Amino acid sequence: MSLWVDKHRPRSLDQLHYHHALSARLKALAASGDFPHMLFYGPSGAGKKTRIAGTLLELFGKGVEKLKIDQRVFLTPTKRKLDVNIVQSNFHIEITPSEVGNYDRVVIQEILKEIAQTQQVDLSAKQKFKLVVIHEADSLTRDAQAALRRTMEKYMTNMRLILCANSTSKLIAPIRSRCLLMRVAAPSEEEMRAVLDYVGKREGFAIPDDTARLIAQDANGNVRKALLVLEALKMQNTDLSSSALSIAKPDWETYCHKVADMIIQEQSPARVMEVRAKLYELLSHCIPPSVVIKTIAEKVVDQVDDALKADIMHWAAIYEARMRVGNKKIFHLEAWVVKVMSLYKHFFLGFDMDAGFDDF
Amino acid sequence: MCTLDTRLWVDRYGPTNEDDLAVHKRKVQDVRHWLSEAFGNDPSGKLKKYRRILVLTGPAGTAKTATVRMLSDELGFDVLEWRNTMDERFSRSEGDWDGVEYEGLAEKFRTFLTRASTCRPIFVSQTQSSQTQSTQGSRTSQIPPSSSSSSTSASSSRRRVILLEDLPNILHPATQASFHLALDDFVATPDGGVSPLIIIISDAGLRGEDAEEGGARWRSRSKEAIDMRNVLPPHLHNSPYVTQISFNPIAPTYMRTALKSMLDRHFSSPSAVGTRPTKDVLELIVESSNGDIRSAINALQFACTADHGTHKPGAKGSKKGKGPSATVMLEAVTRREQSLALFHLLGKIMYNKRKGDPSGQSSSAKDVRREKEIDAGLKDPPPLPPHYKHHERRASRVDIETLYADTPIDASLLSLYIHQNYTQYCDTLDECEALMDSLSWVDSSGGESWHQANPYQFHLVALGTMHALPNPVPRRNQKSFKPAFFETLRQQHEAEDGVRDVQLWLQRQLGSWPVSSWGSRDVVLGSGSLWRAAERAGAFAEPIPSTHRRFSQLEFAHVRGGLVEIAQEGEAVPDEATPQRVDRPLAGADDSVTGNFLSDDDIEEW
């Protein structure tokens, strides 16, 4: 038995609950025989991967569902071994190159070359190309993206790429221009509730309206999250009437909010140390640092004076950008924290001073 | 003239009896004691069975090997040594990872160890003369490695010990595993085992390369340095079968005596070349050797021969003129990593002394004078335009170039140390802000890939830090700590393993589905409460891997483990290694008891 998210996931483009226009377009593309490279982008939990899977099914038929998981070993230029899990069928291959960090270029190149150099041998195959799905394409390093760009043109005859990313802004322009962009927007609240109802019906219970709304609002356009929450709620309480229900935030989010409170409460070198310990704790739980800075920043901004909001976000953006280039995430997180503390403190000092002048 | 002895003095005048040995008598006694017990000479005769492995540790050049060789003469045993052979490591094509039928170095090693420990030699392969040579020479013994990759100098009646100095590459996980297996087998050999095993491990100093994060998890998985913790399998660390004796850097007094007697021996032989160096030179060598007698002897030999080239022995004035020039020469030669201890390095940067600082109350008159001298040599920086006035600082007493030359660690590690400790040295948040900003900037300077790395990182880190710190830095008994960064990184890797477990689990639940819908990010940020609820309800046939807690459970009140202080006293390398060793057991222990940690966690949760 799998999770509801997976269990009730639409298998084909026809079964999708929303974005029907997009589905129709994908079907037409798959049927046309002239399939381009594609880039699916949109917020997480909007259904990008579901649509990719549907497209694959449309392109190749049931054969794509025969999957095997391989562990492949790659050799970096420095003779270091990387092992990467690769999911593939006879027609396509999926990779998450960001798993290998800075060596993603090696993995990308090796796999693409290998795919591109083998012709489709199955004569009954519907398409003569193979598909490579690259997940989390926006976390590819610049090197890897540059490597990709050349291969995309060179091996067009044997291979198509489907990239999957949260936003296009972290992809270099040449890649964007070589792909057909497919935006998968987050579903509206109504659409989300339709999905929830559907899952409820399949599982054999009805979801009260209030609860559905609560879940949909909390999920904020993330269907995966909504379904996970629904399943967790159902597991904890058999009765889903909304009065008793509360949706627990994930631990990391509460944690980030408390860190934000710590920043607001006190601004001193000693407090910097305390906050750092908390940041380390977040990092050691694999919470992506950009998520950390974003969550804390949003919470801090909620609590400060309007005059400070712009500055705080400005610096969050700057340090987040540095974080992408730099190696030690903690430096940039902490630098931002100290910056915010300093801004906040100065703001209030300035305030006091003004008040003091008024007394004269 | 007979053939010139071209051997290095280290080999030529190696110690042959205890008096020659520059090691503390107690240490020698310890080793001797162990050996005689291992040969069944203790009164009760029961200890023999526990004297299986002796581990000698200590910095390079502290006469570990020499002690063993000397005792082999004294107690009359032979030394059977393992050597790695280079020629057959990749006898097959490189792409072949699974060379099943080929006997790798690791298998060879195991065979060697089993045979050496259980079988008595039957063939007397070497002649008597080569034996004396081998016992006399130290590390570079004269016997050519035989084809079986071990060298035996044996007469069948004598007792033997197995010496393991040339370790297999135990940083490679597979090799390490088989090496551990071999040691286990060795220890498990019943009493019949004839020869005890001596492992010699030279502590490599930690020369700081930090394992970066950023996905380079392959690198940081393996431990960086060879030490007792990874040479021996975990359960042997405190086993009664293993005895550890650690050697300290050789004390100057011992070293002086040893060098003097060596000179006596050298110049008493008729064929001696070179001039006897002066007392000053000797002193200098002793001083600069940092307790490494091998390097001291090499320097001494060099000092003698180098002088020979320039001065005719006995020529007038040579003695007088030698003083300063010899000093300069030796400075150039023996200046091995005279590294500034990390502690001092940090102190220099963090205390941020600038020209004209008042000297501390405790500083002696000499210190005050020296500070004055430094100040006199410092040029004031040119005045800045008004809009940069807030960046104006007095000239720093820290010479960044010298600091860079003397530093034992790289910029990246330095920045971590500074980051860990800076808050104690700052008075205000503004200073913190400027400092953090410079660290952050340096870290992100250059580009995404290694070849764009900024070559001036060290300078920038140090200068940026000093620019930001207050001046003078208030003294409030600051303590330096090791960066918590590495512990975090380790935990993060563990958590990543947990994420992978859950991902694979999800994939298995899925059965067939063309696209794996769970990225690691989705798993981490996804609802942790679901995992917990599911676990409690036992909703799945195949339970969720309990490793999910490593990333899904975050208690706010959680107090982090204690920080490790940097040791202060003494010279660079040996002491820096100490704190490193303090937290190693933790890391090592964790590996073996992960299950434990988790089951504890379970109890808490239920």
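Proteins get letters first, then strands, A, B, ... in listed order; numbering begins at 1 in each. If you're wondering where the values come from, they're calculated on a predicted model, not measured in any experiment.
- Interface residue A:Ser268: only backbone heavy atoms are found under 4.5 Å from chain B.
- Side chains of A:Lys345 and B:Glu433 form no contact here, defined as non-hydrogen atoms less than 4.5 Å apart.
- Put simply, CG on B:Asp437 and CD on A:Glu334 are 12.0 Å apart, with the number rounded to the nearest 0.5 Å.
- In terms of modelled atom types and a separation under 3.5 Å, the side chain of A:Arg276 and the main chain of B:His419 share a donor-acceptor contact.
- Side-chain contact between A:Val272 and B:Leu429 is present, with at least one heavy-atom pair separated by less than 4.5 Å.
- In this structure, the portions of B:Ser415 lying under 4.5 Å from any heavy atom of chain A include both its backbone and its side chain.
- Residues meeting the side chain to side chain contact (heavy atoms under 4.5 Å, CB included) test with A:Ile318, sequence neighbours left out: A:His314, A:Trp315, A:Arg322.
- B:Cys432 contributes atom SG, which lies 10.5 Å from atom CE of A:Met273 (distance to the nearest 0.5 angstrom).
- Under a cut-off of 6.0 angstrom, the local environment of NZ in A:Lys68 is crowded, with over 12 non-hydrogen atoms contributed by other residues, nucleotides or ligands.
- When all heavy atoms of A:Pro269 and B:Cys426 are compared, the pair lying nearest together is CG-O, 4.1 Å.
- Of the two parts of A:Glu136, only the side chain, counted from C-beta on, holds a non-hydrogen atom closer than 4.5 Å to a non-hydrogen atom of chain B.
- With 3.5 Å as the limit, one finds a donor-acceptor pair spanning the side chains of A:Lys328 and B:Ser412.
- Atom CG of B:Leu489 is separated from atom CD1 of A:Ile330 by 11.5 Å, given to the nearest 0.5 angstrom.
- When side chains are defined from C-beta on, A:Phe331 counts as touching B:Leu416, because their heavy atoms get closer than 4.5 Å.
- Distance check, rounded to the nearest 0.5 Å: OG of A:Ser342 to CD of B:Glu431 gives 11.0 Å.
- Proximity to chain B involves both the backbone and the side chain of A:Val259, based on heavy atoms less than 4.5 angstrom apart.
- Not counting sequence neighbours, the partners of B:Asn352 by the side chain to side chain donor-acceptor pair (under 3.5 Å) test are B:Arg354.
- Proximity to chain B involves both the backbone and the side chain of A:Lys339, based on heavy atoms less than 4.5 angstrom apart.
- Residue A:Ser284 is tested with B:Arg490, B:Gln492, B:Gln491 for a side-chain hydrogen bond (donor to acceptor under 3.5 Å, both in side chains); the sole match is B:Gln491.
- The choice from B:Thr423, B:Thr428, B:Leu435, B:Val499 that makes the most heavy-atom pairs within less than 4.5 Å of chain A is B:Thr423.
- Taking OG1 of B:Thr488 as the reference point, atom NZ of A:Lys329 lies at 14.5 Å (rounded to 0.5 Å).
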